[in-house]
Amino acid sequence: MKKTLYPLCITALMLTACSSNSLPEGILDKQQMTDFLREAYLLESYCAVETRYNFDSLTPEMIYAYDDLLAEQGITREQVEASLAYYVKHPEEYTAIHEAVVASL
C-alpha cells in the first residue's frame, strides 16, 4: 500500500505546483504586462506633453495610438482588459509588475 501511495502523492504535489504557476488562458504573463504598461505609460506621457491633454477621456488619436501599441506587441485589447482584471485580484503580482515598470522607466 505504501509503495502505491508514495508515487501518487509525489505526482499530486508536482501537478499542484505546476498548476499554481500557470495563468488562465488569455492572460498576459508578468513580462508581457510589464512591457505593455511601460509602453502605455510612455505613450500617455508623450501625448500629455505634446497636446497638454488631461486624459479625462480618450481622443481618437489616443485610441489609434493604443491600437498601434497593441498591434506592435501582438496582443489584443481583450487580453489587456482580462489581464488587468486578473492582476487586480492578485495584488502581490500586480505590485511586482508595477515595480518592474518603474524600474524600467
Side-chain angles (χ1 to χ4, degrees):
M1 175 96 168
K2 287 183 180 181
K3 289 181 181 179
T4 306
L5 191 57
Y6 183 72
L8 288 175
C9 289
I10 296 297
T11 303
L13 286 173
M14 287 177 25
L15 290 174
T16 303
C18 292
S19 66
S20 66
N21 292 333
S22 65
L23 295 171
E25 186 176 334
I27 301 301
L28 301 175
D29 66 30
K30 289 180 185 179
Q31 187 61 52
Q32 290 172 307
M33 197 67 185
T34 300
D35 292 344
F36 171 77
L37 288 175
R38 181 188 60 243
E39 295 304 317
Y41 294 156
L42 288 172
L43 176 66
E44 289 174 4
S45 298
Y46 173 79
C47 289
V49 168
E50 289 297 313
T51 64
R52 293 186 163 92
Y53 184 67
N54 65 11
F55 295 107
D56 285 340
S57 60
L58 289 175
T59 64
E61 293 81 12
M62 282 296 296
I63 293 171
Y64 292 131
Y66 274 117
D67 288 343
D68 288 345
L69 176 60
L70 292 168
E72 178 183 299
Q73 293 197 2
I75 57 179
T76 65
R77 186 177 310 272
E78 293 78 14
Q79 283 178 296
V80 172
E81 291 171 357
S83 298
L84 285 171
Y86 172 83
Y87 285 114
V88 165
K89 293 178 182 175
H90 299 85
E92 297 85 15
E93 294 178 53
Y94 199 48
T95 299
I97 288 169
H98 277 277
E99 288 172 353
V101 170
V102 170
S104 71
L105 290 173

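Ring geometry for Tyr66 versus Phe36: interplanar angle of 30 to 60°, hence tilted.
Put simply, CD1 on Ile63 and CG on Asp68 are 12.0 Å apart, with the number rounded to the nearest 0.5 Å. Annotation: the span from Glu44 atom CD to Leu69 atom CG amounts to 10.0 Å, rounded to 0.5 Å. Distance check: Leu42 CG to Leu37 CG gives 11.0 Å after rounding to the nearest 0.5 Å.
Between the side chain of Gln32 and the backbone N or O of Asp29 there is at least one donor-acceptor pair closer than 3.5 Å.
For Leu28 against Tyr87, the heavy-atom pair with the smallest separation is O-OH, 2.7 Å. Closest approach of Met33 to Ser83, counting heavy atoms only: SD-CB, 3.8 Å. The two residues Arg38 and Ser104 come nearest to each other via the heavy atoms CD-OG, 3.0 Å.
Exactly one of Leu23, Ile97, Asp35 qualifies for a side chain to side chain contact (heavy atoms under 4.5 Å, CB included) with Lys30. That residue is Ile97.
The aromatic ring centres of His90 and Tyr94 sit 6.0 Å or more apart.
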